[in-house]
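Order of appearance sets the numbers: ligands from 1, and atoms from 1 within every ligand.
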Amino acid sequence: MFEESVFSGVQPTGNLHLGNYLGAITKFVALQNDYKCIYCIVDLHAITVWQDPDELRTNTREVAAAFIASGIDPEKNIIFNQSQVSAHAELAWIFNCVARMGWLNRMTQFKEKAGKHRENASVGLFAYPNLMAADILAYRATHVPVGDDQKQHLELSRDIAQKFNTDYENSIKAAGYENGFFPLPEPLITGPATRVMSLRDGKKKMSKSETSDMTRINLTDDAELIAKKVRKAKTDPEPLPSEVAGLKERPEADNLIGIFAALKNSSKEDVLKDFGGSQFSAFKGELVDLTVSKLEPITTEIRKLGSDPAHLDQILNAGAERAKDIANPILDDVKRIVGFVG
Ligand code: TYM
């Protein structure tokens, strides 16, 4: 009914980490073989909390470099930064008028990010999920690879698509669409590392905003720093179990095994077949080697690409043009459906 395509986004807010890499970017790489893929650096989302303008520029290019260094082909797929394609902001406004306050009030990420300072949070931070729905639906994308933390936002995107299709049903039919205008986008949340946890607390998500850098492995960390962080990662006193059921109530062990499995493109079961009964010290040594062997070539390539910002800008500009070619006709239809003259 809808042509299958993939859309996903990453915020250029600094410190891309192993969670972003395993939860999202490796999936982006894998999907490019089977789908038409659009990967967006969401700078409009980034400014929902304060960003230093120079750092925002640097971080935008760094995410572009990380995409390419990880293996996303910018010719085959579309890579661009969100602010270059105004359809995102325009559709987001329309969705601000479709989504309900009650829906957004339930978003746990807003509650976490705004914390006790809700009154002082930007309006953009509250409306953030509407822009995310617009990102996806501006391309009528059907599949969205994300980490587990974005699941609730994806459900909201589906609710918005559904309500738009229902509210404007007659107008959508009159425009020649028999089965609704927007697809209900499906989240792709798969594999052993959909929620990579902090190295210092297995109950907390690995995050860019965590103050201590020892809680995460950044894509720009060198081998020595990776080794230090893994060696100091929190564990428990028991040896590793032989079966996945034995990871229950052991969040730190579960997290490290999940990371190992994802890096190895294998499963927790298989990793435990090799390491069941081992002490953490032996396992951590192997984890360091594996992490370094996977990340080192990417880090080197990110640095190389980063030394030529003009080349990255060219890639983003070319991607934005291709993105506009898809999004603008869709936005034109939306405007007609809503009843805007022009
Ligand atoms: P962002 O920039 O916070 O994260 C980018 C991607 O990384 C995933 N991720 C994780 N996965 C596993 N473990 C973790 N600890 C971890 N931390 C982050 C996120 O789930 C995400 O897939 N709102 C989005 C960006 C966005 C978007 C979109 C995504 C904007 N528009 C449209 C999909 C479709 C965000 O803040 O991701």
Side-chain angles (χ1 to χ4, degrees), residues 5-29 31 37-49 51 56 59-60 62-63 66-67 70 80-83 85 88-89 91-92 95 107-110 112-113 124-125 127-158 160-161 185-210 215-219 251 254-255 258-259 262-263 323 327:
S5 66
V6 163
F7 181 97
S8 197
V10 173
Q11 292 198 67
T13 42
N15 281 335
L16 277 184
H17 53 70
L18 197 60
N20 301 126
Y21 179 68
L22 296 176
I25 299 174
T26 54
K27 312 285 171 56
F28 299 177
V29 178
L31 287 162
C37 301
I38 304 176
Y39 297 127
C40 185
I41 301 150
V42 291
D43 47 10
L44 298 175
H45 276 104
I47 64 160
T48 56
V49 296
Q51 302 296 321
L56 181 59
N59 291 335
T60 299
E62 190 170 301
V63 177
F67 281 176
S70 303
F80 73 107
N81 57 313
Q82 191 183 26
S83 60
V85 180
H88 293 246
L91 188 57
F95 287 170
M107 294 295 113
T108 51
Q109 189 157 307
F110 175 76
E112 274 164 30
K113 284 201 175 169
L125 190 66
Y128 180 113
N130 295 345
L131 177 59
M132 210 170 134
D135 296 340
I136 301 162
L137 296 171
Y139 303 90
R140 300 168 93 212
T142 54
H143 291 81
V144 186
V146 281
D148 179 70
D149 61 338
Q150 297 300 317
K151 197 171 171 187
Q152 195 185 32
H153 288 161
L154 259 289
E155 278 158 15
L156 188 94
S157 298
R158 293 168 65 90
I160 290 175
E186 263 184 52
L188 299 174
I189 305 174
T190 53
T194 55
R195 191 174 185 82
V196 177
M197 307 308 272
S198 156
L199 297 180
R200 288 312 183 90
D201 179 350
K203 293 200 172 88
K204 265 191 178 171
K205 194 180 70 174
M206 185 178 283
S207 149
K208 302 174 192 183
S209 50
E210 190 63 54
T215 59
R216 62 182 163 257
I217 291 171
N218 303 304
L219 290 192
D254 189 21
N255 188 39
I259 291 173
L263 284 169

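- For atom 4 (O) of ligand 1, the nearest protein heavy atom (residue, atom name, distance) is Asn20 ND2, 3.3 Å.
- Considering CG of Asp149 and CZ of Arg195, their distance stands at 6.0 Å, rounded to 0.5 Å.
- Residue-ligand proximity, Gly23 to ligand 1, at heavy-atom distances under 4.0 Å covers atoms 11 (N), 12 (C).
- Here the closest heavy-atom approach between residue His88 and residue Phe80 is recorded as NE2-CZ, 3.6 Å.
- To the nearest 0.5 Å, the span separating CG on Leu31 from OG1 on Thr26 amounts to 9.5 Å.
- Among the atoms of Met197, none of the N or O lies under 3.5 angstrom from an N or O of ligand 1.
- Looking at every heavy atom in both residues, Pro145 comes nearest to Val6 through CD-CG1, 3.6 Å.
- Closest to atom 25 (C) of ligand 1 among all protein heavy atoms lies Gly9 O, 3.4 Å.
- Of all atoms in ligand 1, numbered sequentially from 1 with element shown, those under 4.0 Å from a heavy atom of Lys208 are 2 (O).
- Between Lys205 and ligand 1, no pair of N/O atoms sits closer than 3.5 Å.
- The shortest contact between atom 23 (N) of ligand 1 and any protein heavy atom is with Tyr128 OH, 2.6 Å.
- From Arg158, atom CZ reaches atom CD1 of Ile160 across 12.5 Å, with rounding to the nearest 0.5 Å.
- To the nearest 0.5 Å, atoms NE2 (His17) and CD1 (Ile217) are separated by 11.5 Å.
- Residue Ala24 has at least one heavy-atom neighbour below 4.0 Å for each of these atoms of ligand 1: 6 (C), 7 (O), 22 (O).
- Short contacts between ligand 1 and Phe7, defined as distances under 4.0 Å to a heavy atom of the residue, involve ligand atoms 32 (C), 34 (C).
- Checked against a 3.5 angstrom limit, the closest N/O atoms of Met206 and ligand 1 fall inside it.
- With respect to atom 20 (O) of ligand 1, the closest heavy atom belonging to the protein is Asp149 OD1, 2.4 Å.
- At the shortest separation from atom 2 (O) of ligand 1 among protein heavy atoms lies Gln11 N, 2.8 Å.
- The nearest pair of heavy atoms linking Thr108 to Gln152 is N-OE1, 2.8 Å.
- Near His45, meaning under 4.0 Å from one of its heavy atoms, ligand 1 places the atoms 30 (C), 31 (N).
- Checked by distance only, ligand 1 and Val10 stay at 3.5 Å or farther apart across all their nitrogen or oxygen atoms.
- If you run side chain to side chain contact (heavy atoms under 4.5 Å, CB included) between Met206 and each of Leu22, Leu199, Thr215, only Leu199 comes through.
- Counting protein heavy atoms only, atom 28 (C) of ligand 1 is closest to Met132 CG, 3.2 Å.
- Taken from NZ in Lys151 to CG in Leu156, the straight-line distance is 14.5 Å, to the nearest 0.5 Å.
- Set against the non-hydrogen atoms of Thr194, the atoms of ligand 1 under 4.0 Å away are 11 (N), 12 (C), 13 (N).
- Contacts between Val42 and ligand 1 below 4.0 angstrom, taking non-hydrogen atoms only, involve the side chain exclusively.
- Checked against a 3.5 angstrom limit, the closest N/O atoms of His153 and ligand 1 fall outside it.
- Among all protein heavy atoms, the one lying closest to atom 31 (N) of ligand 1 is Asp135 OD2, 2.6 Å.
- The two residues Ala262 and Ala193 have their closest heavy-atom pair at CB-CB, 3.6 Å.
- A pairwise comparison of heavy atoms in Ala46 and Thr13 identifies CB-CG2, 3.8 Å as the closest pair.
- Looking from atom 34 (C) of ligand 1 to the surrounding protein, the closest heavy atom is Val144 CG1, 3.6 Å.
- Nearest heavy atoms, Lys208 versus Asn15: CG-O, 3.6 Å.
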